[in-house]
Each structure stands twice: as structure tokens, then as C-alpha cells.
Amino acid sequence: MIVMKFGGTSVGSGERIAQVARIARRTAEETGAPPVVVVSAMSGVTDCLVRATTTSASGDRQTFARIRDELQQRHEQAIADCVPNPEHAHSLRAEIASLLDWFEMLCQSVATLGELTPRGLAVVSGLGERLCARVTSAAILSQGIASEVVEATHLIITNGELNSATPLLQLTSERARAQLLPLIEAGTIPVVTGFIGATADGVPTTLGRGGSDYSATILARCLPADEVWIWTDVDGVMTADPRIVPQARTLPTLSYAEMAELSFFGAKVLHPKAIQPVAEAGIPVRVLNSLQPGHPGTLVDGQVILEPMVKGITAIRDVSIVTVEGRGMLGVPGVAGRVFSAVARSSTSILMITQSSSEQSISFVVRTQDTPAVVSSVEKELELELRRRDIDNVAQQDEVAIVAVVGAGMTGRPGIAARVFGALADQKINIISIAQGSSEYNLSMVVLQDHVDGAVRAIHDRFQLEAV
Ligand code: ADP
Ligand code: ASP
Ligand code: MG
């Protein structure tokens with residue numbers, strides 16, 4: 001059994017959705033079993049939905065009305081392009097219109113209340129997947145195969161962190177098996193809404209932006225499936241983001257650990273949490289291009305291959321360095337522990353940590369959007385030390401980025417850091433701080449945001465990754 005997920009570009013138009021339907025049909029024919037299809041919203045739709053809710057919270061009633069019209073037009077055009085049967089198209093248009101009526105009503109309520117709650121945001125931002133799943137299922141039906149829409153709110157049961165929820169695997173497994181297996185046995189292709197889930201009490205949640213990849217790997221783990229295929233708009237996982245390095249090459253294979261590092265450090269092609277459920281169960285993941293279905297893409301599994309040493313270069317933008325500094329920190333026990341507990345209390349995850357050996361400062365990197373909450377939580381924790389001047393200040397530097405060099409073959413090989421730093425020095429790029437993961441699978445550095453593209457290209461060049 002295959003779980004296959006199609007991202008925003010792959011379902012970006014009626015034509016693209018028709019291609020999705022063909023891929024699903026071909027897979028059913030070739031493997032002898034219908035695949036479970038997971039879809040994202042059409043490209044750009046989730047951004048529009050989020051904008052509609054945030055503008056309505058400030059009392060703006062025009063933006064969401066305009067967005068509603070745009071979404072209706074876009075989905076109607078898609079239906080016209082991939083659902084030829086007039087009756088099917090007619091009832092589908094009515095269904096889309098009624099979901100959009102509901103969206104408009106929610107935005108009206110947000111505008112009246114003047115407040116957007118996390119629950120309101122989760123409900124509205126998941127609407128794009130619900131619209132797209134309906135069109136995709138109808139397109140599959142048009143290919144002559146039975147298909148049904150399955151709302152992930154009935155399948156993926158999560159904790160209550162409404163906009164970045166974690167799945168409860170036992171419950172999800174029971175629901176997913178009970179609902180999906182009978183459909184598959186009957187020869188029906190289920191089309192599941194990506195990105196969304198619900199708590200056990202039925203409160204809608206999302207898995208966080210880009211979370212449809214995670215939906216697919218959660219379902220694969222829970223069914224369990226034989227493989228997960230992530231269909232996207234590039235030829236698999238590449239040595240760098242092809243938008244930054246046009247010469248980037250497809251990596252034919254990667255280990256789970258390498259993929260986890262690449263996605264954690266910014267390779268948007270897979271959601272950072274998506275590898276975990278399948279790595280634990282040993283389910284292989286293929287990353288494929290829906291625009292070029294014949295390309296073999298990338299196979300991610302448990303096999304660790306050490307060559308080439310460096311597999312990929314990634315970057316995370318819009319991060320800040322927070323530094324806690326002061327001569328009085330020397331000898332004050334437990335400062336690091338208290339700082340990191342304070343960060344955890346602000347519900348923020350730390351991307352990278354560095355401490356100088358003098359023990360006079362601790363620095364760590366968090367997303368810039370999280371920095372105000374982090375700084376205030378740390379200042380509160382260290383109030384006494386700050387007052388006594390044992391600690392001088394909690395400083396923040398914005399407009400920096402993390403560049404990470406990833407590869408299992410880097411372990412125990414001397415000279416890699418020297419080559420990386422040499423490549424940056426030749427481009428006159430200053431390294432602000434450095435960290436190496438204990439696995440030695442990655443070496444990460446902080447540079448000024450303005451230098452990030454140059455840094456990625458310089459390292460890619462130095463390791464000749466275009467020739468991999
Ligand atoms: P989807 O909508 O299919 O989920 P995303 O936009 O989320 O697609 O992810 C695919 C994009 O990820 C690519 O278009 C590419 O620009 C970007 N990307 C960043 N790093 C990498 C990488 N190392 N390999 C492949 N793509 C990458
Ligand atoms: N549509 C969602 C987003 O844009 C989820 C996804 O595309 O994976 O974040
Ligand atoms: Mg994505």
C-alpha cells in the first residue's frame with residue numbers, strides 16, 4: 001500500500017489536478033491496490049486564508065470578501081478544467097460555495113469580535129485542503145476510478161496545540177485503519193485532507209505550516225503503508241535549494257537521519273517533523289516530481305551511505321541570536337539550565353546553541369518572530385542577577401541566518417570544517433557563530449542574512465556538489 005501526498009503546486013490548477021488523478025490511477029493499476037492520496041491546498045490558498053482571518057480581526061471586512069471571490073473563481077476554474085461530467089461539476093460547485101459561505105461567516109464573526117483566537121485560525125487555515133480534496137476526488141472519479149473524500153479531522157487525532165499539533169498515534173491508528181482500509185479493499189481511492197486533524201473531542205487543529213507531508217507520514221505509519229511518495233515541484237531532494245543554487249543536483253538516496261537534519265535546517269521540500277513517524281517504522285519515503293513523474297527522485301530509508309561526505313547545504317532565514325552575557329555568570333551554577341528552561345516556558349524551540357568556553361556568555365538561535373517572548377522570559381528568570389549586575393544583559397541580534405552542511409560521511413573526517421570556513425573566507429563572509437551536532441551529521445553556522453545565499457553557493461561550489 002502506498003500513501004502519496006501532493007503539495008500545493010502539484011494541485012495548483014485544474015490541469016495539475018488532472019495530472020494528480022492520472023498518477024493516482026496509474027499507481028492503482030501498477031501496484032494492484034488504490035493508493036491513499038493526501039492533498040495540500042492549491043498553492044497560495046493557505047496564505048490567503050490566513051490573511052483573511054488576520055485582516056478581519058482588525059475590523060477589515062473587505063479583504064476577506066475579496067479573498068472569498070478569488071477562491072471561488074479559482075476552484076471553479078479548476079473544476080471546469082478537470083471534471084468534465086456536468087452533473088458532478090455542478091454539485092461540486094455547490095459544495096465549494098457552501099464551504100466558502102461558512103468561511104465568510106467565520107470571518108464576519110472574527111471582525112465583529114475584533115479578535116482572532118488560535119481555534120479560529122486553525123479552523124479557517126485548514127479550509128484550503130478541504131476545498132482541494134473535493135476537486136481532486138472528483139478528478140479521480142473522472143478517470144473512471146471510485147474515490148471518496150476523507151476529512152482528516154476524523155482520522156488524525158492530535159493533542160490540543162491547535163496550530164502546531166502533535167498526533168496521538170494509537171488513536172489515529174485505530175481511526176485510520178477503520179476508515180481507510182475498507183475503502184481500499186473496495187477499490188476506492190481515498191483523498192484525505194492534508195495539514196489538518198482534530199483533538200479527541202473534535203476541536204479542529206493543524207499540524208503547522210507545510211504540515212501535509214507530516215499528515216502523509218503519520219498515516220503511513222498508522223496503517224501501516226509500504227511506502228510514502230511525496231510528490232512536489234522539483235526532482236526530489238537536492239544538494240541545495242535550486243532557487244538559490246541553480247546547479248543543485250538530485251540526491252538519489254538519503255538516510256532518515258540525513259533527511260531529518262536537512263529538513264530541520266531549512267530544506268522546505270519536507271516538513272521537519274515528517275521523517276520521525278516513518279523512520280521509527282522503517283517505511284521508505286520517495287520524493288518525486290509531479291511535473292516529471294518519470295524521474296526517479298530521491299529514496300529516503302534506513303541505509304546510511306557515506307559518499308559523498310557532504311550531501312546538502314541548507315539555510316534558515318529570519319532568525320536571531322540571543323546572548324546572555326556577564327562576568328558574574330562565571331561560577332553561578334545552573335545559569336544555562338535556567339536560561340533554557342525559561343526559553344522552554346515561552347514555548348519556543350531553539351535552533352542552535354553555542355557557549356564560549358570562558359562561560360561568560362551563552363548564545364542561542366531562535367526564530368525572529370519568537371524572540372520578544374524568549375527575551376522577556378529569560379529576563380524574568382534572571383531578574384535578580386540582572387539587578388545585581390552579575391549578568392549584564394540579554395541581547396538580541398536580528399537579520400542573521402543559519403547555514404547548515406549535512407552529510408553522514410562527515411563523521412570523523414578531519415578537515416571538513418576547514419574547507420567550509422575557507423570557502424566562506426574566500427567570499428569575505430564572516431561567520432558569527434558555529435555549532436556542530438553531536439552526531440557530526442551537520443555543521444551549522446550563523447551568518448548575516450545578506451550573506452546567506454552567497455554562503456550556500458560558496459560551500460556548494462567548494463565541495464563540487466554540482467558534480468555529485
Ligand atoms: P510542496 O508544495 O510540494 O509541499 P514546497 O514548496 O513545500 O512544496 O517544497 C518544495 C520546494 O522546496 C522546492 O520548490 C524548493 O524550492 C524547496 N527546497 C528547499 N531546499 C530544497 C532541497 N534541498 N531540495 C529540494 N527542494 C528544496
Ligand atoms: N497548505 C498548508 C500550508 O500551506 C500545508 C501544506 O502545504 O503542506 O502550509
Ligand atoms: Mg511543502
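Keep in mind the model is a prediction, meaning the values are calculated, not measured. In listed order, ligands and their atoms are each counted from 1.
- For Ser40, the closest heavy-atom approach to ligand 1 does not fall below 4.0 Å.
- No N or O atom of Lys5 sits closer than 3.5 Å to an N or O atom of ligand 2.
- In this structure, Thr250 contributes its side chain and Pro252 its backbone to no donor-acceptor pair below 3.5 Å.
- Contact analysis puts Gly211 in contact with ligand 2, with a non-hydrogen atom separation below 4.0 angstrom.
- Within the 4.0 Å heavy-atom cutoff, Gly236 counts among the residues contacting ligand 1.
- Protein heavy atom nearest atom 1 (N) of ligand 2, with residue, atom name and distance: Glu129 OE2, 2.6 Å.
- Residue contacts with ligand 1 do not include His271, since none of its heavy atoms lies under 4.0 Å from the ligand.
- With ligand atoms numbered from 1 in the order given, ligand 1 contributes 22 (C), 23 (N), 24 (N), 25 (C) to contacts under 4.0 Å with heavy atoms of Met238.
- Residue, atom and distance of the protein heavy atom nearest to atom 4 (O) of ligand 1 are Lys5 NZ, 3.0 Å.
- Each of the following atoms of ligand 1 lies closer than 4.0 Å to a heavy atom of Lys268: 5 (P), 6 (O), 7 (O), 9 (O), 12 (O), 19 (C), 20 (N).
- When the heavy-atom distances from atom 17 (C) of ligand 1 to Val234, Leu251, Thr9, Asp241 are ranked, the shortest goes to Asp241.
- Ring geometry for Trp231 versus Phe6: interplanar angle under 30°, hence parallel rather than tilted (30 to 60°).
- Ligand 2 has a nitrogen or oxygen under 3.5 angstrom from a nitrogen or oxygen of Gly210.
- In terms of protein heavy atoms, atom 27 (C) of ligand 1 is closest to Val269 CB, 3.8 Å.
- Of the protein's heavy atoms, Ser40 OG, 3.4 Å lies nearest to atom 7 (O) of ligand 2.
- Given atom 4 (O) of ligand 2, the protein heavy atom at minimum distance is Arg209 NH2, 2.9 Å.
- Of the protein's non-hydrogen atoms, Asp233 OD1, 2.8 Å is the one closest to atom 14 (O) of ligand 1.
- For atom 6 (C) of ligand 2, the nearest non-hydrogen atom of the protein is Ser212 OG, 3.4 Å.
- Residue contact check: Val237 has heavy atoms under 4.0 Å from atoms 24 (N) of ligand 1.
- In terms of protein heavy atoms, atom 8 (O) of ligand 1 is closest to Thr232 OG1, 3.2 Å.
- When each atom of ligand 1 is checked for a heavy atom of Ala267 under 4.0 Å away, the hits are 20 (N), 23 (N).
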